[in-house]
Novice: 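One structure follows; several queries about it will come next.
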Amino acid sequence: MIIDVHAHWGPWFFTGLDTSNLTVMDRYGIDLAIVSATEAVTYDPAAGNRALARFLATAPDRLLGYVTVHPRRLDEAERDLREFLPTRRFVGAKIHTDYTGSPIKSPQVRDALTMLADLDCPTLVHTWDTSVLDLAQHCADLPRLRAIAGHMAAGGYRHAIAAARSCDRLYLEPSWSHGLAGRMDEVLAAVDPRQLLLGTDATLIDPAATFGILAAARPTPETAERIAWRNAADLFRCIE
Amino acid sequence: MPDPFDPRPLLDGLTVSVDIDVLIGQFPDRPGPSGDPAAVRAMLTDRGVTGAAVADLRAALFDLGSPAPFPGGIAVGTLDLRDPIGSATHLEGLISAGIRAIRFFPDEQGVQPDFPAVRHLARLAADAGLILLSGGDVRRFWRPYAGLDATVVFLDTHFYHLGDFLLVAADEPGFHTSTRLLTSPDGLEQVTARVGAQRLLFGSRAPFYEPYVPLLRLATSALSADEKRLVAGGNAGRLLGVTG
């Protein structure tokens, strides 16, 4: 069993990105992917969330959804969360800080995370460099918040290690188009394996990026199982 | 439970005869591997990479000197874009020594594509029939190499910029790209469909980047077995004049 906690559904604006979710998943034996709508992430959360809901209504059950939350449009976000989370085809929320112009330390993101914590909704947040430390601070301040540091801060992965060590409700997933050698080894050595998840950023990034660094890092069988699916199943309660 | 991250089933026996982007030495401004040649060789061997075009960071960052030895590797000469006069002289020595490829490190040397040194040294290298391995953003670094009838391998082509590479590659038959950052689900297939698999060269930037990443991307791609062999060393062997 392999669960990808960071995936997308929908078209991208870069040249030639048109491989379907299931095709990408099948290349690597990914059984289940949790996707956000690219339209929701990059342009219009309300329209994208609805498009994804329509797609998931007839899509294979290998795909589950994130409700994309725009921190500066919280009324819309709360409406979408209350509409889509009860369907159980949506199992979490996604916040992209760059596309929404909302730094993690901003009061708008804090308000969004407060709402999501109150809803007991696991939340994937785009993190880059030092911003993961701000996410850890939100986790410390909001006792019910369970957050995934998307990309585990990319080149700032050492900040992600520090962040994860400061709060056991902060999870890391390693997707990044740059397969920096040794990055995953350091994370495995320093972070509780119960806080590690598998994310790919497909269909933007091929799972080769994540699988390649995990292949090199060679986690123990127990940790590999936790990363591959067990932690995600516990976090999202998505395996009946 | 089988190891979900065992690469062998995905690789299906794919190996690489030439990795076009391997470094020895180290970066003084960042943590990372020492770049010791024996350790780099061990990393490549473990990943199934049997041959490599190897450049030396000491040459790029401090002293051009002579290409450092790397047993079993193809030595890549380095020029310093901060010193076009001295590098032109150095290039003559590299040519006399039989070097087949040189590498530009514009990012590491703080050089922009419109600096006169870039086009000047590229022209000298092209006129000598050398292969130019170039770092830098392909959207800007195509320009100093255009119109020189140069054979260039862009080492930093990110899939975000693939459309621009394809545009310039259509006009410049000598333009090639490394696979290192073509980590989208479609990048290798796009290059193959539009300009041909002969323009793709496996590159990893070991030991700083993980070779399994481009290796898995290639192995799981929709390229045919023959196309994969070209990418995995056939093209590099042809350009560098070695059998893969």
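Letters A, B, ... mirror the listed sequences (proteins, then strands); counts begin at 1. Keep in mind that what you see is a predicted model, and the values were worked out from it rather than measured.
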Novice: Would you give the length of the straight line joining atom CG of B:Asp3 to atom OG1 of A:Thr220, rounded to the nearest 0.5 angstrom?
Specialist: 10.0 Å
Novice: Do A:Ile205 and B:Ser184 have side-chain heavy atoms sitting under 4.5 Å apart?
Specialist: no
Novice: How close do A:Ala208 and B:Val213 get, heavy atom to heavy atom, and via which atoms?
Specialist: CB-O, 3.6 Å
Novice: Check each atom of B:His158 against the heavy atoms of chain A and say whether the ones under 4.5 Å are side chain, backbone, both or neither.
Specialist: side chain
Novice: Judged by atom type as modelled, is there a donor-acceptor pair below 3.5 Å linking the side chain of B:Arg180 to the main-chain atoms of A:Gly179?
Specialist: no
Novice: Do you know which of A:Thr15, A:Val24, A:Leu17 has the most heavy-atom pairs under 4.5 Å to chain B?
Specialist: A:Leu17
Novice: Does any part of the side chain of B:Phe159, heavy atoms only, come nearer than 4.5 Å to the side chain of A:Leu204, both counted from C-beta?
Specialist: yes
Novice: Quick check: do B:Phe5 and A:Thr210 have side-chain heavy atoms less than 4.5 Å from each other?
Specialist: no
Novice: Hey, can you tell me if A:His178 and B:Tyr209 have their rings parallel, tilted or perpendicular (30° and 60° cut-offs)?
Specialist: tilted
Novice: Tell me, side chain or backbone of B:Tyr160 under 4.5 Å from chain A's heavy atoms, or both, or neither?
Specialist: both
Novice: What option among B:Ala206, B:Ala193, B:Gly187, B:Gly163 has the most heavy-atom pairs under 4.5 Å with chain A?
Specialist: B:Gly163
Novice: Would you say the side chain of B:Pro4 lies within less than 4.5 Å of the side chain of A:Glu225, judging by non-hydrogen atoms?
Specialist: no
Novice: Which bit of A:Leu180 comes within less than 4.5 Å of chain B, counting heavy atoms only: side chain, backbone, both or neither?
Specialist: both
Novice: For each of A:Phe13, A:Phe14, A:Trp12, tally heavy-atom pairs with chain B at distances under 4.5 Å, and name the one with the top tally.
Specialist: A:Phe14
Novice: Under a 4.5 Å heavy-atom cut-off, does chain B meet the side chain of A:Arg158, its backbone, both or neither?
Specialist: side chain
Novice: With a 4.5 angstrom heavy-atom cut-off, is it the side chain or the backbone of A:Tyr28 that approaches chain B, or both, or neither?
Specialist: both
Novice: Which atoms of A:Pro207 are under 4.5 Å from chain B, going by heavy atoms: the side chain, the backbone, both sets, or neither?
Specialist: neither
Novice: Return the OG1 to CG distance between B:Thr220 and A:Asp26, rounded to the nearest 0.5 Å.
Specialist: 12.0 Å
Novice: Using a heavy-atom distance cut-off of less than 4.5 Å, which residues of residues 20-35 of chain B contact chain A?
Specialist: B:Pro31
Novice: More than 12 foreign heavy atoms under 6.0 Å from CZ of B:Arg143: is that the case here?
Specialist: no
Novice: With only heavy atoms counted, which part of A:Asp201 is less than 4.5 Å from chain B, the side chain, the backbone, both or neither?
Specialist: neither
Novice: Using heavy atoms and a sub-4.5 Å threshold, report which of residues 42-57 of chain B line up against chain A, by residue number.
Specialist: B:Met43, B:Asp46, B:Arg47
Novice: Can you tell which part of B:Leu166 gets under 4.5 Å to a heavy atom of chain A, answering side chain, backbone, both or neither?
Specialist: side chain
Novice: Does atom CZ (B:Arg194) have a neighbourhood of more than 12 heavy atoms from anything else shown, all under 6.0 Å?
Specialist: no
Novice: Any luck finding a side-chain donor-acceptor pair between B:Thr183 and A:Asp206 under 3.5 Å?
Specialist: no
Novice: Atom CG of B:Asp186 and atom OG1 of A:Thr19: how far apart are they, to the nearest 0.5 Å?
Specialist: 3.0 Å
